[in-house]
Structures are given as C-alpha cells and as structure tokens.
Participant: 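My questions will all concern the structure given below.
Computed from a predicted structure; not experimentally measured.
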Number of protein chains: 2
Amino acid sequence: MDVKFRKPKPNRIFQHVVAEIQAAILDGRLKPGDQLPPEMKLKDMFDTSRGTIREALRVLEQKGLIDIRTGVSGGAVVRKVDTRQITESLNLLIQAQNVSFDQLVEFREAVEGIVAGLAAERAKPENIQHLRELMASADRLLKEGSGHWRELLDIDVKLHIAIAEVAGNPVFVAVLKMVHENILDSFEWFELENSHVLQDSFQDMGQLIRAIENGQATEAGSLARYHVRKFHDYLKRGFRNEQ
Amino acid sequence: MDVKFRKPKPNRIFQHVVAEIQAAILDGRLKPGDQLPPEMKLKDMFDTSRGTIREALRVLEQKGLIDIRTGVSGGAVVRKVDTRQITESLNLLIQAQNVSFDQLVEFREAVEGIVAGLAAERAKPENIQHLRELMASADRLLKEGSGHWRELLDIDVKLHIAIAEVAGNPVFVAVLKMVHENILDSFEWFELENSHVLQDSFQDMGQLIRAIENGQATEAGSLARYHVRKFHDYLKRGFRNEQ
DNA sequence: ATCTGTCTAACTGTTTAACTGTTTGACCTT
DNA sequence: AAGGTCAAACAGTTAAACAGTTAGACAGAT
C-alpha cells in the first residue's frame, strides 16, 4: 500500500492570520517600512477577534517580520528580514545544548579565518575606510588608558562583524553575531582594566586589516585565526598574566 | 560628560513571562517533556491575565521552546530545543531574498571543509564503522537503480551530519543541519531519477570517508569542498546534463 | 521665529468573563 | 478484550472595557 496519511492540520485561526500576513511580506505585497492596519481594522479584515489578531502579531514579531509600536502612528510595521532571528535561535540552541566554551571558540576560530579570507578577496575602498574608522576610534580610546575597556570591547566586536560584512555573506554574519553575543555574555570583563590585552588585540586587528586591504586572503585567514586563539588563551589564563 | 543614558525598556508583561519561563527551561529547572501548569494556573502564578499568558505562550512556542496541545492532559509541554527554529529563520531570509542560494552554498562549502578536516583528526573506529554502514546502505540502493533517489538523498544528508558529529562540535552540527534542511526544501528533486548524479556523489563520499579514516585532514577538507561545489554545480545546470 | 508645555487622540497593552472546540480517560456494553 | 459513550480538563476564541504610550496640534513664553 502506497497511501500516505497526513497528520491533521492544527485548527488555529491565529496561525492562518500569521500565514496570510507572512505570505504578503515574503511575496513583496508588503514591503519593509509598510504599516499594517491597526488591530481593530485587522480584526474586521480577517473577521476574527482582536485577541486572535494580537496572538498572530506576537508570532510575526517573534519571527522578525514586524515591529510593533505603541502610541499614535503605532501598530505593526513590516521589518526588513535580517539575520537577527537566526542569531537568536542559534543562541537558544547553543544555550540549551550546553555547548562548551572551547567548542564555541573552535567554531569561532574556523569561521573568522574563512571570513577574513573572503573579506580580503572582496574589500572595496569604502569597506577599508570603515574598518579604519573603527580602528581610529579604538586608538583614541587606547591612548586615554584602559579605563575605556567597555567601549573598546564594543569596537572590537564591531570590527569583527564589519569584517564579516565585507565578506558579504549574511549567513557568516549571523553565526558570528551569535558567537560574539555568547562570548560577551560569558565573562566578567572588568579585569580588562589595567591590562595590556586590549592593546595587544587591536595591534593584531591592525595587521589583519592591512592584510585584508592588500588582498592577502591566506594571510588574513591565518592572522584572524591566530588572533582568536591568542585572545581566548588570555581569557583562559586571566588578563593579568604577563609573559 | 561621561554619563550614558539607556534606551527605556519596553513595558510588556508578556515579555517578562516569556523571559521567566525561558530562563527556567535554559537553566534546567524545566526539562524536555515537563508539563507547564494550565493557563489558568499560570495566570495566578504570574498574577496577570490569561490573555497575557497566552501571548507569552505564543512567543515561547514560536521560539521552539514549548509545544501546546489541546484537550485533557493538554497545555504547554517543554520541547527539546532542536534545529527547527534556525532552519525556519534561515528559510525566511532565503524567501525574502536576503540570502542567495550561492551564499548558502558558499557557507556550506566552507563549513563542510572545516568539519571534514576535524573529523579526520578525531575519528575513532566506531565512527568510521557508522559512516561505512551508511555508505553500504547507499550502495545497496544504488545497485537497485535510481528509483530510490529519495532514500539516497536522506542517506547523503545523514552522512554529512554524521561527519559533522565525528568532528564533535555541536555548533558545526547545528549550522550544517540548518543548511541541509534548507537545501532539501529548495528543490524539486525528482529529476534525480534517471541521473548519474547520485552515483557520482556517493563515489565522492567514499573517497572522503577514506581520507577521514586515514587521518588526512587537509585531504578530507579539500574533498569535502570539491564535493559540495560539484554537487551544487549540478543543481544549477540540472541533473540531466552529461559531460 | 523658536522653543517649551499641555492636551488630545490614535493606537497598543492588559483584563475579565463567557462560550466553543479538542482530546483523554473512565466507565459501560458487547 | 475491544469498542462506544460521555464527562471533564484543558486550549482556542470572542467581546467589551479600561490603562498606558506616544505623536502631533496648539497655545504661550522668550
């Protein structure tokens, strides 16, 4: 017998509302920035209750398809689909699976190596310009001393993500954002104060950006991996350890 | 002035309910299979309205953290977090055309290359045994002709995931599942019938497994990348094209 | 003319109570 | 033991009301 029986479909009106609105967004009828009608209007359009509409909007919001605002001119606005949901759902998966820090670092090292190589192949002058601007910010803060470790950390992350964006593949960007969020959340970073590690780290980044600028893909990959490994060795040993 | 002002926090009770339940799941207080209290109980526990609880449950469901059932013994049950949400998130990006198929393949190629290299470094005899068993299944089906393309596709994916599991890093496993599930969903595969492509593909896999078994990390990485690229070239040109 | 303060209105966020639909399991019959 | 019926425990939906948020209009002060 070759007949397949299908699981009965769930009988939930709000899912139908989700599907309709999602389809309108994905097939281009609704574009980023477009405002959906207010809840009370949607309830009439779908001939359902306001509560059901609200539930559907919650799901669409969690899918990253809309933003919801309160107040005048409020309501649901269509969002440009971006990598945020991948990063969030990967984060949940990583947290639920108790992925070890070493495993995360291994993944990071591999991916940053690839991304740096691609960035070296694809960088345009305006990309390099942006990277240099971030580096210049970091240099200014470094000159003021390591009291600015919090901002310097932010810039470090911004640099890594910017390099991933130069590589031009959103999937790499999404996974690296996940990695960085997990790493940032995993440590108390105050020990960076009074430590040479950030100086050291930005020196590495400087070399990496030069390699990218010079189109040296293999060199950039190596430098990126070296940088990641070194930084995480510091994390393990503590920032105060001097050679 | 060194004072930083923070963006006001959204004032939504349901998000607080989401956060509390999510935290209980992620820190292990709630385990897969555990039943949450009924809505009416949760409303008392959180001292909020039933509607607000429902909205929170919608969000948790969309995050893949719970399943909700109707009827006696119904209610929200904690789910084992799996790759379903990351797959869906990536799928939305693809449908919104913010990730191209080429970008997905580029990501896949890079990651499969890394994973194959790690697997070659880490394979144990029982791992190789498992890979060989999957290959033996494929060989049997190949001998029966290409009418079994559906099962053969499944085995191909299983092989790739098994190699990732030999590499032993759950992050790589997760992202590869995400990729494979989207690739599987992106095509009508029936053209594989009457095509040599699967035979060809499993021949590549055989070589890859040998390289892994022999601990040849660089070779395994190259073979994996070559295999991915070749397969996707077939996808682009159509499976019937003969050289 | 520009800025500040106040108020209104347009929306979302939440609450409550009621009804409807789904499903499991207890119990009875064959 | 198997099948049917029914009740109860739940989720799904609805409607109406009130509370909170926010943009913009308007008036007054500088």
Participant: Rounding to a whole Å, what distance do you find between Leu42(A):CG and dC11(C):C1'?
Facilitator: 12 Å
Participant: Met135(A) and Leu131(A): side chain to side chain contact (heavy atoms under 4.5 Å, CB included), yes or no, with the steps?
Facilitator: CA-CA 6 Å; Met135(A) 278 300 301; Leu131(A) 294 177; 5.8 Å; no
Participant: Could you tell me the separation between the CG atom of Leu26(B) and the CD1 atom of Ile21(B), rounded to the nearest 0.5 Å?
Facilitator: 12.0 Å
Participant: Kindly say whether Leu65(A) contributes a backbone atom to a donor-acceptor pair with the side chain of Gln22(A) at under 3.5 angstrom?
Facilitator: no
Participant: Using the closest heavy atom to pick a nucleotide of DNA chain D for each, name whichever of Met40(B) or Asp47(A) lands nearer the 5' end.
Facilitator: Met40(B)
Participant: Let's see if you get this right: which residues in residues 49-72 of chain B place a heavy atom under 4.0 Å from DNA chain D?
Facilitator: Arg50(B), Arg54(B), Arg58(B), Ile68(B), Arg69(B), Thr70(B), Gly71(B), Val72(B)
Participant: Salt bridge check: are Arg29(B) and Asp27(B) linked by an N-O gap of less than 4.0 Å?
Facilitator: yes
Participant: How would you list, by chain and number, every residue that makes a ring pair (Phe, Tyr, Trp, His ring centres under 6.0 Å) with His130(B), sequence neighbours excluded?
Facilitator: none
Participant: Going through the distances and angles, do Ser89(A) and Gln85(B) end up as a side-chain hydrogen bond (donor to acceptor under 3.5 Å, both in side chains)?
Facilitator: CA-CA 6 Å; Ser89(A) 51; Gln85(B) 295 317 115; over 6 Å; no
Participant: Say whether, by atom type as modelled, one donor and one acceptor occur between the side chain of Ser49(B) and the main chain of Thr52(B) under 3.5 angstrom.
Facilitator: yes
Participant: Quick check for you: name the first and last nucleotides of DNA chain D, 5' to 3', having an atom under 4.0 Å from a heavy atom of chain A.
Facilitator: dG12(D) to dA23(D)
Participant: May I have the distance from Glu39(B) (atom CD) to dA17(C) (atom P), rounded to whole angstrom?
Facilitator: 16 Å
